[in-house]
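Below: one structure, written as structure tokens.
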Amino acid sequence: MDSSSDPLTAHPGMRHAFRPGAMTIGVITPLEGFTGAIPTMNRHAELIDRAEAAGFSTVWVRDVPLLDPSFGDTGQIFDTWTYLGYLAARTNRIALGTASIVLPLRHPIHTAKAAASIDQLSGGRFLLGAAAGDRPVEFPAFGIAHATRSERFRESLQFVRRLTEESFPKIDSFLGHLNGTADLIPRPVRGRLPIFMTGRGGQDLDWIAAHTDGWQFYLLPFEQQQLNIQRWRRLTGRDDGGFKPFAQSMYIDLTEDPTAAPQPLHQGLRLGREPLLEFLQAWQAIGVDQLMINFKQSRRPVAEVIEEFAEYLLPHFPPGPGGDEGR
């Protein structure tokens with residue numbers, strides 16, 4: 001495969017975020033434990049500095065346009081693209097990703113322009129995680145029918161692909177029209193954006209495998225997740241030399257007692273670092289390419305947790321070699 005079309009071999013963000021055959025660990029902003037829907041964002045930039053220095057491979061930024069108190073979590077509260085521009089200037093190696101941009105709520109030209117800009121500003125460290133949207137209250141605010149989100153997602157993703165990968169494209173879509181007389185600038189550093197699907201978004205898995213560069217999914221029991229990953233591998237042809245990563249997101253509350261037995265949380269676990277290491281090794285063994293950690297349920301200061309990860313856990317799951325090549 002030509003390196004200009006392969007996001008793993010050509011893209012610094014992909015190379016830092018993933019190591020084929022092994023698992024890496026990323027973090028989801030905000031890096032704090034909090035109750036209710038709104039985080040404090042205290043020392044948020046310092047904590048991301050610590051995560052990069054500790055050896056986390058990726059920092060994922062969420063896209064939550066409006067506060068819905070009933071949903072229980074508004075992410076890192078800042079505008080996604082503004083925050084990523086700030087992080088692109090502040091960080092040097094860690095891959096920067098969205099988990100995820102709600103494609104149906106944004107025009108694909110705006111998404112493509114912003115994503116390519118972050119990729120350029122970060123030296124090629126950007127990964128575009130995309131979702132169809134799971135907060136119904138947001139759709140009427142944008143004048144969009146919630147029931148159309150799956151179709152709009154497919155159309156938006158294809159629009160973004162063509163804008164970022166073709167020169168002066170001709171696009172005829174219900175989202176807009178280009179007749180070959182206008183083009184997108186800037187372009188992605190390596191000629192394309194790695195695009196990840198979050199969840200299913202109303203799509204067939206065959207379609208996701210064919211049209212995206214990776215899949216972000218949620219915590220499932222080991223046996224069920226293993227079957228999920230095996231199907232993903234069959235559809236993406238990893239056995240034939242391709243590589244489309246599978247990432248698993250979850251909440252982790254790391255206890256002060258390193259031996260504390262696991263206790264279930266919603267989409268996560270509360271446990272000590274010794275049993276956590278066993279879980280990490282087991283997830284790696286079934287084929288998870290990256291574990292994406294959300295600290296919202298953490299009862300300890302996340303700075304302490306990051307240091308414990310750096311000393312005891314991350315040496316077993318280091319990031320890949322890329323990250324600062326384009327800077």
Side-chain angles (χ1 to χ4, degrees), residues 1 4-11 13-18 20 24 26 28 57-58 60-63 80 95-106 108 111-112 114-116 118-119 124-134 149-166 169 171 173 175 188-218 220 225 228-249 287-292:
M1 179 180 292
S4 65
S5 64
D6 185 347
L8 177 64
T9 62
H11 195 275
M14 286 288 283
R15 294 189 66 222
H16 193 72
F18 300 101
T24 60
I28 300 172
S57 71
T58 316
W60 299 95
V61 177
R62 296 168 64 195
D63 177 26
T80 304
L96 306 175
T98 51
S100 291
I101 286 294
V102 184
L103 283 188
L105 298 184
R106 299 175 178 271
T111 298
I118 298 301
D119 197 49
R125 291 183 286 131
F126 180 63
L127 313 176
L128 178 60
D134 59 1
R149 67 193 184 281
S150 296
E151 180 186 9
R152 292 181 70 93
F153 178 90
R154 290 192 300 274
E155 193 73 8
S156 294
L157 188 145
Q158 298 286 50
F159 208 126
V160 169
R161 279 284 195 213
R162 297 195 61 191
L163 276 173
T164 55
E165 296 176 23
E166 297 180 20
I171 299 175
S173 166
L175 296 173
V189 167
R190 297 292 182 176
R192 70 175 293 177
L193 292 168
I195 299 180
F196 288 71
M197 180 75 197
T198 297
R200 294 286 291 267
Q203 315 304 325
D204 291 333
L205 191 56
D206 300 61
W207 184 92
I208 296 171
H211 292 89
T212 70
D213 299 303
W215 190 21
Q216 301 166 338
F217 207 68
Y218 310 102
L220 292 174
Q225 195 74 293
N228 226 17
I229 295 169
Q230 288 172 350
R231 185 182 178 196
W232 177 249
R233 299 291 187 234
R234 288 195 300 270
L235 291 173
T236 57
R238 177 167 175 172
D239 292 340
D240 298 325
F243 179 67
K244 292 191 175 185
F246 178 91
Q248 173 181 282
S249 64
V288 174
D289 295 302
Q290 183 172 135
L291 186 71
M292 306 161 62

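Quick note: residue numbers are just sequence positions, from 1.
- Across every non-hydrogen atom of Ala116 and Pro188, the tightest pair is CB-N, 4.0 Å.
- Nearest heavy atom pair, residue Arg233 against residue Gly287, reads NH2-O, 2.6 Å.
- Here the side chain of Gln203 pairs a donor or acceptor atom with the backbone of Ser150 at under 3.5 angstrom.
- In this structure, the separation between CE on Met197 and CZ on Phe153 is 4.0 Å, given to the nearest 0.5 Å.
- Scanning both residues, Met14 and Pro194, for their nearest heavy atoms gives CG-CG, 3.5 Å.
- Distance check: Gln290 CD to Trp60 CH2 gives 5.5 Å after rounding to the nearest 0.5 Å.
- Distance CZ/Arg15 to CZ/Arg125: 14.5 Å, rounded to 0.5 Å.
- Residues Trp215 and Asn228 meet the side-chain proximity criterion, which asks for heavy atoms closer than 4.5 Å.
- Rounded to the nearest 0.5 angstrom, Ile229 CD1 and Phe246 CZ are separated by 4.5 Å.
- Between the side chain of Gln225 and the backbone N or O of Tyr218 there is at least one donor-acceptor pair closer than 3.5 Å.
- Within the 4.5 Å cutoff, the side chain of Asp63 has heavy atoms near those of the Arg106 side chain.
- When the salt bridge (charged side-chain N to carboxylate O under 4.0 Å, His left out) test is applied to Glu151, no partner is found at least two apart in sequence or on another chain.
- Between Gly199 and Ile208, the closest heavy-atom pair is O-CD1, 4.0 Å.
- Of the possible donor and acceptor atoms, one in the side chain of Thr164 sits under 3.5 Å from a partner among the backbone N and O of Arg161.
- A pairwise comparison of heavy atoms in Ala95 and Leu127 identifies CB-CD1, 4.4 Å as the closest pair.
- The closest donor-acceptor contact from the side chain of His16 to the backbone of Thr58 lies at 3.5 Å or more, if one exists at all.
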Decide yes or no on salt bridge (Lys or Arg N to Asp or Glu O under 4.0 Å) for Arg231 and Asp206, but give the supporting numbers first.
-> CA-CA 10 Å; Arg231 185 182 178 196; Asp206 300 61; 3.6 Å; yes
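- In terms of heavy-atom proximity, Leu163 sits nearest to Pro108 at CD1-O, 4.0 Å.
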Could you check Trp232 against Phe217 for side-chain contact (heavy atoms from CB on, under 4.5 Å), going step by step and ending with a plain yes or no?
-> CA-CA 11 Å; Trp232 177 249; Phe217 207 68; over 6 Å; no
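- For the pair Ser156/Thr111, no side-chain contact is recorded, criterion being any heavy-atom separation below 4.5 Å from C-beta on.
- The shortest side-chain heavy-atom distance between Thr212 and Lys244 does not fall under the 4.5 Å cut-off.
- Using a 4.5 Å heavy-atom threshold, the side chains of Val189 and His11 count as separate.
- Interatomic distance, Arg190 CZ to Asp119 CG, rounded to the nearest 0.5 Å: 9.5 Å.
- Put simply, the residue from Thr24, Asp213, Asp289 that forms a side chain to side chain contact (heavy atoms under 4.5 Å, CB included) with Pro245 is Asp289.
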Could you list the donor-acceptor pairs under 3.5 angstrom formed between side-chain atoms of residues 96-105 and any protein atom two or more places apart in sequence or on another chain?
unit_1	atom_1	unit_2	atom_2	d
Thr98	OG1	Gly129	N	2.9
Thr98	OG1	Gly129	O	2.8
Ser100	OG	Thr198	OG1	2.2
Ser100	OG	Gln216	OE1	3.2

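- With contacts defined as side-chain heavy-atom distances shorter than 4.5 Å, the pair Arg200/Leu205 qualifies.
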